[in-house]
Enquirer: 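Below is a structure I'd like to ask you about.
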Amino acid sequence: MIVEQIWTANAYRNFNYLIACTDTGEALAVDPLDHRKCLAAAKDKGWEITQILNTHEHGDHTGGNRAMVAATNAKLLAHQNAKDTIPGMDRGLAAGDIIKVGKTVELEVLDTPGHTMTHVCLLSHTDIPALFCGDTLFNAGAGNCHHGGHPDELYETFANQLAKLPDETLVYPGHDYIVNNLGFTLDREPDNQQAQQLLQEIRDQDPGQAVVSTLGLEKIINTFLRLQSPTLIARLREAFPDLPEEPDEKTVFLRLRELRNRW
Ligand SMILES: [Zn+2]
Ligand SMILES: [Zn+2]
């Protein structure tokens with residue numbers, strides 16, 4: 001499996017992806033908003049895009065579908081309940097489904113509601129797993145729930161699915177928000193030295209050559225995966241004086257999401 005991360009350099013800071021089979025050169029395009037860049041990258045590599053996967057129904061993820069299908073005749077895959085919001089779907093996906101790309105690539109579908117209620121992530125079946133997480137998990141952050149999502153479900157997705165993946169899992173999010181998000185981490189946990197160090201390292205990085213994080217790193221620098229941090233909880237109590245003495249993880253997550261909305 002080869003992963004090509006494509007930086008769109010648009011105002012929304014989207015990342016698009018190509019996932020290719022090393023044997024056959026067949027490729028799946030994830031959220032190919034910038035269809036021109038995706039097509040150019042595929043041509044450059046000698047790959048044929050045969051499938052398109054939309055992680056969810058938002059326009060900054062689906063906006064390239066029509067042009068991509070016209071150029072490649074690729075099949076369009078998305079959450080099975082997104083039929084009314086994503087025109088032209090060829091295959092509806094459910095939890096546990098396997099997407100094959102060429103002969104060598106297997107991608108497992110995770111049903112990951114929260115950012116929207118028809119959001120999927122893909123987990124590769126490879127020696128080192130890779131997670132394509134759309135707008136659910138970001139580097140040092142979590143998706144918002146303003147446009148069709150629910151924070152309760154986002155918490156369940158984080159707690160019951162994403163946090164349980166192996167630490168070495170590579171994280172491929174749908175947007176480049178890492179600088180802002182590390183700022184939020186440090187606002188909540190000023191003593192988080194790894195977050196400080198990482199911010200220094202990546203502050204001026206070219207998003208076209210972005211650092212790829214792992215779930216293990218996210219557990220250190222992402223507040224939404226640090227729900228037991230004493231500093232974080234103490235600082236949260238300053239914003240929410242009614243916070244219980246030993247708040248449960250869900251309460252911490254929901255309050256953090258609320259704070260992030262107005263940060
Ligand atoms: Zn979205
Ligand atoms: Zn998005």
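Every number for a ligand or one of its atoms is a count from 1 in the order of the listing. Note: hydrogens, waters and symmetry copies are ignored here, and every other heavy atom, side chains too, is used.
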Enquirer: Hey, which N, O or S atom on His61 ends up closest to the Zn ion (ligand 2)?
Expert: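 Distance check against the Zn ion (ligand 2) picks out NE2 in His61.
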Enquirer: Mind checking whether Phe184 and Phe224 have parallel, tilted or perpendicular rings, split at 30° and 60°?
Expert: parallel
Enquirer: What N/O/S atom of Asp135 is the closest to the Zn ion (ligand 1)?
Expert: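 Nearest N/O/S atom: OD2.
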Enquirer: Just wondering, is there an N, O or S atom on His119 that's nearer than 2.8 Å to the Zn ion (ligand 1)?
Expert: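 No.
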Enquirer: Between Asn65 and Asn54, do the side chains contain a donor N or O and an acceptor N or O under 3.5 Å apart?
Expert: yes
Enquirer: Is the Zn ion (ligand 2) less than 2.8 Å from an N/O/S atom of His56, whether that atom is in the backbone or a side chain?
Expert: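 No, outside the cut-off.
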Enquirer: Looking at His115, which of its N, O or S atoms is the nearest one to the Zn ion (ligand 1)?
Expert: NE2
Enquirer: Centroid separation under 6.0 Å, is that true for the rings of His175 and Tyr12?
Expert: no
Enquirer: Just checking Ile2: does its CD1 atom have more than 12 heavy atoms from other residues, nucleotides or ligands closer to it than 6.0 angstrom?
Expert: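 Counting other residues, nucleotides and ligands, CD1 of Ile2 exceeds 12 neighbours.
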Enquirer: For the Zn ion (ligand 1), which N, O or S atom of His58 is at the shortest distance?
Expert: ND1
Enquirer: In terms of relative ring orientation, are His58 and His56 parallel, tilted or perpendicular, with 30° and 60° separating the classes?
Expert: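 It falls in the perpendicular class, over 60°.
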Enquirer: Assess whether a salt bridge exists between Glu189 and Arg235, defined as any Lys/Arg side-chain N lying under 4.0 Å from an Asp/Glu carboxylate O.
Expert: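 Arg235 and Glu189: not salt-bridged.
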Enquirer: Would you give the angle at the Zn ion (ligand 2) between Asp60 atom OD2 and His175 atom NE2, to the nearest 10°?
Expert: 90°
